[in-house]
Structures are given as C-alpha cells and as structure tokens.
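Notes follow the structure.
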Amino acid sequence: MERDRKDFADFYERSRDDCLRAVLAATGDRGLAEDLVAEAFARAWASWQKVSRHPAPVAWVVRTALNVRVSWWRRRRREVALDDHDQPQPGGEPSPGVEDAVLAAVRQLPRRQREAFVLRVCCDLDTEAVAEVLGISPRTVAVHLSRATASLRAQFAPAVS
C-alpha cells in the first residue's frame, strides 16, 4: 500500500501540469479545468491498480476529466443562466506556458479534432495511444490531426500582401 501511495504521488507530480494544460485547452476555463483534473486524479487514485497498468495513464486521467465534464455539462444544460452572472469573465489568469491566442484557436476546433490535438501535442501520446483513448481508429486520429493542424496553420499563417 505504501508503494502504491508513493507511485501515485510520483505520477501525480510528473503529470499534473500536462493534464491541466490538456484539459484547459479543451475547456477554456481554468477553474473548471482544475476541478476536472482534481476529480480525475481522485478517480485515478481510487482505481490506481488498473490505472497504473494502463499503457498511457496520463491519457486515462485526461479522458476521465473530459468525461466528467460531459457528465457535468449534461446535468447543467437543464439549468437556466441568470443574466450574465454565470458567464466566465474574460482576461482571467494566464495559461500555464501556452499563449492565449493558441489556446483560443485550439478551443475553436471541433471536439474530436481538439481532443486528438490535445492528446497528441499536450500529452505527447503517439497516434495509437490517442486512438485507444478516444476509441477510434489510428487512421481517424490522423485525419483529425491533419484537419486540426491545417486549421491552426491557416489561423496563424502570415498574411500575404
């Protein structure tokens, strides 16, 4: 048990920031991303025997955080916002090591492209691991990555006069 605790603590220290960056890129809300990552790590600890043997435990945490978000969104979509009180305020805390413009562009990608891009780039997973995490074929991952990259390049390409 003590060894499991140390292994998990080491895993948490090594991967927390990467997981937070990935979830932040997907959600666009730092507070929500922190909550989702905390919940995902709590679930990882509860299932550490399984998660520690997973081929990509960081991806497991990110996918769990994103799944928690979907569950949260499904519950919340029935709620009605009061005026603008429930809207996030612009100009929040800066992202950890990623420019706001890049994060904004990634957030505008379609969901699957965004997920594939974040898992591949932020979590440094190979195409096979991304496919396994998302439950799609490696070829489909490659298509999503190609489209995401083309979209991001188009947004950041220098204007030709």
Residues that [X] engages under salt bridge (Lys or Arg N to Asp or Glu O under 4.0 Å), provided they are two or more places apart:
| X | value |
| --- | --- |
| Arg147 | none |
| Asp7 | Arg3 |
| Arg14 | none |
| Asp35 | none |

Worksheet item: Would you call Trp45 and Val51 a side-chain contact if the rule is heavy atoms closer than 4.5 Å?
Response: no
Worksheet item: Which is it for Lys6 and Asp10 under the salt bridge (charged side-chain N to carboxylate O under 4.0 Å, His left out) test, yes or no, and what are the steps along the way?
Response: CA-CA 6 Å; Lys6 180 169 178 9; Asp10 290 344; 3.2 Å; yes
Interatomic distance, [X] atom [atom1] to [Y] atom [atom2] [nearest 0.5 angstrom]:
| X | Y | atom1 | atom2 | answer |
| --- | --- | --- | --- | --- |
| Thr27 | Leu20 | OG1 | CG | 8.5 Å |
| Ser15 | Trp60 | OG | CH2 | 11.5 Å |
| Gln108 | Leu152 | CD | CG | 9.5 Å |
| Arg30 | Leu103 | CZ | CG | 10.5 Å |

Per-pair distances, 0.1 Å, donor-acceptor, side chain in residues 131-144, under 3.5 Å, sequence neighbours excluded:
residue: Ser137; atom: OG; partner: Thr140; partner atom: N; Å: 3.1
residue: Ser137; atom: OG; partner: Thr140; partner atom: OG1; Å: 2.8

Discussion item. Does His54 form a side-chain contact (heavy atoms from CB on, under 4.5 Å) with Lys50? I'd like the steps, not just the answer.
Written reply: CA-CA 6 Å; His54 191 278; Lys50 178 179 96 172; over 6 Å; no
Discussion item. Could you check whether Phe11 and Trp48 have their ring centres less than 6.0 Å apart?
Written reply: yes
Discussion item. Does Cys19 form a side-chain contact (heavy atoms from CB on, under 4.5 Å) with Phe41? I'd like the steps, not just the answer.
Written reply: CA-CA 10 Å; Cys19 291; Phe41 272 108; 4.0 Å; yes
Fill in: Main-chain N/O of Gln49 paired with Arg53 side-chain donor or acceptor, under 3.5 Å
yes
Would you list the atom pairs, donor with acceptor, under 3.5 Å between side chains in residues 114-121 and any protein atom, with sequence neighbours excluded?
residue: Arg114; atom: NE; partner: Ala26; partner atom: O; Å: 3.4
residue: Arg114; atom: NH1; partner: Arg107; partner atom: O; Å: 3.3
residue: Arg114; atom: NH1; partner: Leu109; partner atom: O; Å: 2.9
residue: Glu115; atom: OE1; partner: Arg63; partner atom: NH1; Å: 3.4
residue: Glu115; atom: OE2; partner: Arg111; partner atom: NH1; Å: 3.4
residue: Arg120; atom: NE; partner: Leu125; partner atom: O; Å: 3.4
residue: Arg120; atom: NH1; partner: Leu125; partner atom: O; Å: 2.9

Item to complete: Evaluate the side-chain contact (heavy atoms from CB on, under 4.5 Å) criterion for residues Leu36 and Leu66: first the C-alpha distance (whole Å), next the side-chain angles of each, then the deciding distance (0.1 Å), finally the verdict.
Response: CA-CA 7 Å; Leu36 294 173; Leu66 295 175; 5.7 Å; no
Fill in: Verdict with reasoning, Asp4 to Phe8, per side-chain contact (heavy atoms from CB on, under 4.5 Å)
CA-CA 6 Å; Asp4 285 343; Phe8 180 79; over 6 Å; no
Discussion item. Minimum heavy-atom separation for Gln155 and Ala105, please, with both atom names.
Written reply: OE1-CB, 3.2 Å
